[in-house]
Amino acid sequence: MGRTGKAEEEAPARTLFGHPPGLTVLFTTQMWAEFSFFGLQALLVYYMTRHLGFGQAKSSLIYGAYGAAAFFSPFFGGIIADRWLGRTKSVIIGGAMMMVGHFAMASETLLFPALALVALGNGLFIPPLAIQVGSLYADADPRKAYAYSAYYMGINLGGLLAPLICGTLGELYGWHWGFTAAGVGMAIGLTIYCSCLGLLPPEPSRRASAAEEKASAAPVIRQHVAILLLMIAMVVLFRIGYEQSGNVIALWVADFTDRSVGLPGHELTIPATWFQSINPLLIIVGTPLLIAFWRRRKIKETVPHLLRRMAIGCLIAAAAMLVMVVAALASGPEGARVSSLWVLAYFVLLTLGELFVIPVGLTLVESLAPIRFASMAMGGWYIAKFLGSLLAGIMGAYWLRIPPALFFGLGAGSTLLASLCLIVMARTTARTLSSPR
């Protein structure tokens, strides 16, 4: 199932991590888009409760509905990109909608239209942009897997900067300044994207799609789609445990973690929210190291190999949850505070597992999805985040009803099940596929 395009016609110049210059464009575009998205998210609940006077329940409901829509819409946005708009136009229109939505947050009366614009724009923006990352490379190019790791680092860099800049401006100088900063961030991302279109892969032609279908028998295409569906289902199981990092783990840090530092009598207490910065910081630091490690090994990035890598990532994430099981047992039935090193170890393992799962999954979606359904398939990837977050929230509702050790054990079980299923998938796929395409 070969693909045609610029990536196969010429050897592009090298830049970020030895990759085509288009990756730098997509990396920075996504970074600024995430800056704007998470900048709004960091302010939204505080804005509704403190400025608009909404109750906590109403604010939480609005926040949840907005977040769900933002990660459910990419599936439909991907369909629109594949069938009507094309990838480039979809990214530009979606980004423009998000930018207008952020600026519209400056008016209290436009709260709901603004949130709708951001959520729907996100659906148009994310799938085709992510697909363009893989389209920079020929099918057999091993750099494709590393490209998604670098791209994922950009996502987390934007997510790290957003609360620090937009949150600070919103709380200290006025909410509208924070939302404006988010809009400016999206405008910067759009400007970068639109000014560098010549570095991006061309739109897939109908001829390329027809050539793909002619080169691949229908059973092979169906097999690839089946692998994608099963892989996405395993990511849902992974996210049930993973998404507790911003939910129940935050409660654990606040209520059961000793956050004091310094000498007796001169101790400082680390804010509980600071622990949420550990994950993006580790991703930014760890991604280049992992890329260098994988490149040195020079292993052919086949589908079975990538599935095994995801299985290892789920296993590491399960180990992270088991660390919290031990921490919960150390806390005891009386709920004594335990060392913050437990949480640090948890985040180190969880982040390492994440880097083995999420970027690799993005690579598989782009590699296996038929050209004419590629953006829709990438939208399906974000459905996994939507479902995993929803199920993690339902599971989190039982935090006070069952012992913490059992709760964390269930999270470990979910990710461990995903690991075992991915191992079986890798072995089965190795017998039926000889290459990524």
Side-chain angles (χ1 to χ4, degrees), residues 5-7 12-17 19-40 70-71 73-74 77-82 84-104 117-137 143-144 147-162 165-166 180-205 359 362 365-366 374-376 378-379 381-382:
K6 185 185 298 183
R14 299 195 171 202
T15 175
L16 184 67
F17 301 127
H19 289 265
L23 179 62
T24 306
V25 177
L26 298 173
F27 173 96
T28 51
T29 300
Q30 185 64 54
M31 183 194 75
W32 283 110
E34 295 297 327
F35 172 86
S36 68
F37 183 86
F38 285 106
L40 184 152
F71 288 103
S73 62
I79 295 175
I80 293 172
D82 285 332
W84 294 292
L85 291 180
R87 296 172 184 177
T88 302
K89 287 183 180 179
S90 182
V91 169
I92 294 173
I93 293 173
M97 291 172 64
M98 292 167 68
M99 180 184 67
V100 172
H102 287 122
F103 286 132
L117 276 172
V118 175
L120 295 176
N122 189 62
L124 281 174
F125 180 89
I126 288 182
L129 188 75
I131 284 294
Q132 285 182 319
V133 173
S135 298
L136 290 167
Y137 305 86
R143 296 177 300 168
K144 183 185 293 188
Y148 276 107
S149 293
Y151 175 75
Y152 192 63
M153 185 176 71
I155 292 176
N156 283 274
L157 181 58
L160 175 66
L161 295 175
I165 298 176
C166 298
T180 299
V184 170
M186 190 67 246
I188 294 173
L190 266 180
T191 301
I192 293 171
Y193 186 84
C194 292
S195 62
C196 301
L197 293 178
L199 298 176
L200 301 180
E203 292 287 337
S205 64
L362 288 168
V365 171
E366 194 282 333
S375 295
M376 183 184 72
M378 189 61 72
W381 169 264
Y382 287 96

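On a predicted model such as this, the values are computed, not experimentally measured, just so you know.
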Considering all heavy atoms, the nearest [X]-[Y] contact:
X	Y	value
E366	M378	N-CE, 4.5 Å
L129	V91	N-CG2, 3.7 Å
M98	V118	CG-O, 3.7 Å
T180	F103	O-CE2, 3.6 Å

Discussion item. Any non-hydrogen side-chain atom of F125 less than 4.5 Å from a side-chain atom of S90?
Written reply: no
Worksheet item: Is there a side-chain contact between M186 and F37, using heavy atoms and a 4.5 Å cut-off?
Response: no
Checking [X] side chain against [Y] main chain: does a donor-acceptor pair fall under 3.5 Å?
X	Y	value
S73	A119	yes
E34	N156	no
Y148	A130	yes
S36	A33	yes

[atom1]-[atom2] distance between [X] and [Y], expressed to the nearest 0.5 angstrom:
X	Y	atom1	atom2	result
W32	I188	CH2	CD1	4.0 Å
S135	L26	OG	CG	9.5 Å
I92	L124	CD1	CG	12.0 Å
F35	C166	CZ	SG	3.5 Å
F38	I155	CZ	CD1	8.5 Å
L23	T28	CG	OG1	9.0 Å

N/O donor-acceptor pairs under 3.5 Å from side chains in residues 193-201, not counting sequence neighbours:
| unit_1 | atom_1 | unit_2 | atom_2 | d |
| --- | --- | --- | --- | --- |
| Y193 | OH | Q132 | OE1 | 2.9 |
| Y193 | OH | Q132 | NE2 | 3.2 |
| S195 | OG | T191 | O | 2.8 |
| S195 | OG | I192 | O | 3.1 |

Worksheet item: Should the pair F71 and Y382 be assigned to parallel (<30°), tilted (30 to 60°) or perpendicular (>60°) ring geometry?
Response: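 It falls in the parallel class, under 30°.
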